[in-house]
Protein chains: 4
Amino acid sequence: MGRKEKVEKGRSSGRPRSERSKAAILLAVRELLLKDGYANLTIEAVAQRAGVSKATIYRWWKTKGELVLEAAEQEIAIGTVPDTGDSRVDIDAAIGQLIDTFTRPLASIVIFAAITTGSSDPNMAHLFRDRFVYPWRVSACEALERARARGDVLADDPQFLLDVIVGTVFQRTLVMKGPMIDGLKGNLLGVIFGPKRST
Amino acid sequence: MGRKEKVEKGRSSGRPRSERSKAAILLAVRELLLKDGYANLTIEAVAQRAGVSKATIYRWWKTKGELVLEAAEQEIAIGTVPDTGDSRVDIDAAIGQLIDTFTRPLASIVIFAAITTGSSDPNMAHLFRDRFVYPWRVSACEALERARARGDVLADDPQFLLDVIVGTVFQRTLVMKGPMIDGLKGNLLGVIFGPKRST
Amino acid sequence: MGRKEKVEKGRSSGRPRSERSKAAILLAVRELLLKDGYANLTIEAVAQRAGVSKATIYRWWKTKGELVLEAAEQEIAIGTVPDTGDSRVDIDAAIGQLIDTFTRPLASIVIFAAITTGSSDPNMAHLFRDRFVYPWRVSACEALERARARGDVLADDPQFLLDVIVGTVFQRTLVMKGPMIDGLKGNLLGVIFGPKRST
Amino acid sequence: MGRKEKVEKGRSSGRPRSERSKAAILLAVRELLLKDGYANLTIEAVAQRAGVSKATIYRWWKTKGELVLEAAEQEIAIGTVPDTGDSRVDIDAAIGQLIDTFTRPLASIVIFAAITTGSSDPNMAHLFRDRFVYPWRVSACEALERARARGDVLADDPQFLLDVIVGTVFQRTLVMKGPMIDGLKGNLLGVIFGPKRST
DNA sequence: ACTTAAGCGAGACGGTACGTCTCGTCTTAAC
DNA sequence: GTTAAGACGAGACGTACCGTCTCGCTTAAGT
């Protein structure tokens, strides 16, 4: 009696992937990242905390990098730079997005890891670049290009300006970890557009 | 006359440290760093390649970080920023030193490691900061302060400008690894001093 | 109805222990014991010869002593003393078991180790006593008690006679290693029962 | 003519061996043996406790065994069996010497080690046999031979009886460590000479 | 008194094995 | 046919002693 209706998905028969496990794994990753940082995160610990076997993790994620990126996906999301017609407003928004993202606790850990494991884990670096960096970078580059076309910026090379922005924010927020991020956006705008003039 | 001049060092007698071993170890570290990178460097491999026992390494260096920093000491050395009286010349030199150091193969590996293991190996980070970063940073800061006093720079905060310089160079040379470092110094100078004026 | 009968063991599912590894380890132990003796037996060598990781050995055996005792279990097995009704036959059998076991190549090595590591590895000594010594000793003691009750033996204390038997056999076979074991049993019987009388 | 005969040894002049060091080393060995046992005795610890360098130890003693035997020399000394004309008195003395020596704290440790390291440190075993075992054994053997000649003993083979005595005492005092050594001598005499008869 | 040569402490050295750890894969039975 | 459990081979970790080797100082016998 009461035969269960059975599989509704197109996937072949078999037991379907457990959404419970997936959620538990990604949650465990987030918790452990915040607790111990990326370098001290072990698959073993994730499995244990999620009540899951290591094999299950390895089946769905090839590397620690992939796993971490997926776990922090929403925290890292940065969006794209708007096109308001006002260069300063656009770039202001871009820098704001950057600072905002870089200072979220979880995101900062993951972004730092993604940037700095470039040599040892190229896979993670690529994934990070393709999914998070390039989209924003492209739109930021366009914004800078528009600004250049209007003659608003002091330097001609948008890629260079992008590196100035990203590099400076990275340095301030993730390397030096100074708390003085207050003036950062203003200072950066000043360096890019020249000193603010009253309109 | 017969005055015996005694040992001045605090260390007692004992067999003196083998310079051969020390040199072999540091050389092995350098070779392995260039071959496999910092993350894949193991003490075991260093010992084997240097023809040395692990205990000898652990006797003289407490952590992998210390060992690596000493092995790359000369490659990392960056000196201090000159004081020529011309702000642009001073900062030009500072940026040159930075780019020069960051693009040496061995130095780039070690510096990258020193910066990025900050969270997992605080010891190495501190050592790196104290021995290599701060001295240069202090003199660079003075140079920027002198420039500010002369009204040469567009921003008032030397610490901010320092982060712009270091962050941008770091981003370009170690993160993006683009080969387009040609205009980097000029662009940075432009961003700091404003567009170059013909005199 | 339809009661599912669950697993009765406390251990949960998981991958079962590899019998291949277990057999290879115990074999390697036996070979190395015969080749190098107990003192020169290293876990490292066992692992290598068995094609097994050290962790696998440590997972199942806490000490070298446990491992060796299990590897030689069958060689050491000595059984119990029979009860034929004839004291002399019983004790003859007991001494025969002892000599037989003490002169097997592998058993002699392991027994010697078990006895002599008593101070440095109490664990092994206890294990050895509980699993091999006491059962035999109890039955031998009963045999001697029966003999005493019949007035067949010259001394009243079975424990003392047991030590005479074991001590003498140990001394002859393992300490002096003399080949003159021929008369040993007869001599011991003579000492215990008095000179043989022709019936 | 006036040549001073002096040095009889082949060794040339030089600084003579330090008696202070020698005494300190042997004392340290004794203390550490009592504290940690033979197996846990390390040359390193002896050197440290004696305030002596390891090289000094290795210069005068080739193996741990030699060192330990010399350190315990006086404790181990057992003398020889007397010849009183009364077999029972002689053997009684012999057994008494044995039990007495085997139950001294330091001697028991060293003798146990000497007997049981036979396989792994043949050097120590030989030394022990030559210096301590054989002399006593020879005189005990003679005593048993005299007893046999007088028809006092139940077994003909003195070597066998020796193994009975030594084996039983070893078993009782060092292996079983039972405190019931009281009747040991009497029991042994009973087994060798037959039940005591009132004369 | 001076020379000389071995003894000495200190302790660094190349080795070997220890017992622990984490990795990523593999193997079952359960569902 | 995915899951949890967990055993597995691999191999680095940092530690402990081994027995040998430099050092530079000390110490007495022989000049």
Side-chain angles (χ1 to χ4, degrees), chain A residues 7 11-18 20-21 40 42-45 47-48 50-60 62-64, chain B residues 4 6-7 11-18 20-22 40-45 47-48 50-60 62-64, chain C residues 4 6-7 11-18 20-22 40-45 47-48 50-60 62-64, chain D residues 3-4 6-7 11-18 20-22 41-45 47-48 50-60 62-64:
Chain A
V7 211
R11 307 200 8 7
S12 27
S13 63
R15 177 176 176 177
R17 174 170 185 184
S18 157
R20 194 208 69 82
S21 289
N40 298 320
T42 64
I43 300 289
E44 204 114 22
Q48 188 168 357
V52 143
S53 91
K54 280 194 294 175
T56 303
I57 300 178
Y58 283 114
R59 192 181 340 271
W60 301 105
K62 276 173 194 158
T63 67
K64 196 166 97 168
Chain B
K4 241 184 271 179
K6 273 294 179 52
V7 207
R11 297 172 70 320
S12 29
S13 62
R15 176 177 178 174
R17 176 170 186 184
S18 158
R20 202 220 111 245
S21 289
K22 181 177 177 181
N40 298 319
L41 181 74
T42 66
I43 301 290
E44 203 114 20
Q48 190 167 353
V52 142
S53 96
K54 278 195 294 176
T56 301
I57 300 179
Y58 285 113
R59 187 175 302 121
W60 298 106
K62 275 172 195 158
T63 65
K64 197 166 96 166
Chain C
K4 248 182 262 178
K6 274 294 179 52
V7 206
R11 300 165 77 314
S12 25
S13 63
R15 175 178 177 174
R17 177 171 185 184
S18 158
R20 201 218 113 249
S21 289
K22 182 177 177 181
N40 297 320
L41 180 75
T42 65
I43 300 289
E44 205 114 21
Q48 190 167 352
V52 142
S53 100
K54 278 195 294 175
T56 300
I57 300 179
Y58 284 112
R59 187 176 299 121
W60 299 106
K62 275 173 195 156
T63 66
K64 197 166 95 166
Chain D
R3 254 179 89 285
K4 244 184 257 173
K6 259 319 163 52
V7 212
R11 301 159 81 313
S12 23
S13 64
R15 174 179 179 176
R17 176 171 185 183
S18 157
R20 193 211 68 83
S21 289
K22 181 176 176 181
L41 180 75
T42 66
I43 300 290
E44 204 113 22
Q48 189 168 356
V52 142
S53 95
K54 278 194 295 174
T56 302
I57 300 178
Y58 283 112
R59 188 175 301 123
W60 300 106
K62 276 173 194 157
T63 66
K64 195 167 98 167

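Every chain is numbered from 1 and lettered A, B, ... according to where its sequence line falls, protein lines coming before strand lines. What you see below is based on every heavy atom in this structure, not just the backbone, and it leaves out hydrogens, waters and symmetry mates.
Of all nucleotides listed (dC17(F), dC8(F), dT20(F)), dC17(F) comes nearest to the side chain of E44(D). Nearest to the side-chain atoms of S53(C) among the listed nucleotides dA10(F), dG19(F), dC13(E) stands dA10(F). If you check dC13(E), dG6(F), dT3(F) against the side chain of S21(B), the one that comes closest is dC13(E). Listed candidates were dA7(F), dG9(F), dC18(F). Nearest to the side chain of R17(C) is dA7(F). Comparing dG7(E), dT2(F), dG14(E) by their nearest atom to the side chain of R59(D) picks out dG7(E).
One interatomic measurement links the two molecules: CD of Q48(D) to C1' of dA16(F), which rounds to 13 Å at whole-angstrom precision. If you take NZ of K54(D) and C1' of dC17(F), they are 7 Å apart, rounded to a whole angstrom. Put simply, CG on N40(A) is 15 Å from P on dC21(E), counting in whole angstrom units. One atom, CD1 of I57(D), and another, P of dA10(E), lie 12 Å apart when rounded to the nearest Å.
The residue among I43(D) and P16(C) whose nearest nucleotide of DNA chain F is located toward the 5' end is P16(C). Annotation: of the two residues near DNA chain E, T56(D) and Y58(C), the 5′-most nearest-nucleotide partner is T56(D). Toward the 5' end of DNA chain E, the nearer of the two residues K22(B) and A45(C), judged by each one's closest nucleotide, is K22(B). Across the interface with DNA chain F, nearest-nucleotide mapping of K64(D) and A50(A) shows A50(A) to be the residue nearer the 5′ end.
Regarding contacts with the backbone of dT27(E), every side-chain N or O of S18(C) stays at 4.0 angstrom or more from both OP1 and OP2. Phosphate proximity of dG11(E) to W60(B): absent, as no side-chain N or O sits under 4.0 Å from OP1 or OP2. In this structure, R20(B) reaches the dG14(E) phosphate: one of its side-chain N or O atoms is under 4.0 Å from OP1 or OP2. Taking only side-chain nitrogens and oxygens, T42(A) never comes nearer than 4.0 Å to OP1 or OP2 of dT22(E). Residue R15(D) places no side-chain N or O under 4.0 Å from the OP1 or OP2 atom of dC8(E).
Remark: side-chain polar atoms of K64(C) are paired, donor with acceptor, to backbone N or O of L41(C) under 3.5 angstrom.
Remark: R20(B) engages S18(B), A24(B) in a side chain to side chain contact (heavy atoms under 4.5 Å, CB included) (not counting sequence neighbours). When the side-chain hydrogen bond (donor to acceptor under 3.5 Å, both in side chains) test is applied to T42(C), no partner is found at least two apart in sequence or on another chain.
Here the straight-line distance linking atom CZ of R59(C) with atom OG of S53(C) works out to 6.5 Å at 0.5 Å rounding. The OG1 atom of T63(C) lies 8.0 Å from the CD1 atom of I43(C); values are rounded to the nearest 0.5 Å.
Looking at heavy-atom distances under 4.0 Å, A55(D) makes contact with a base.
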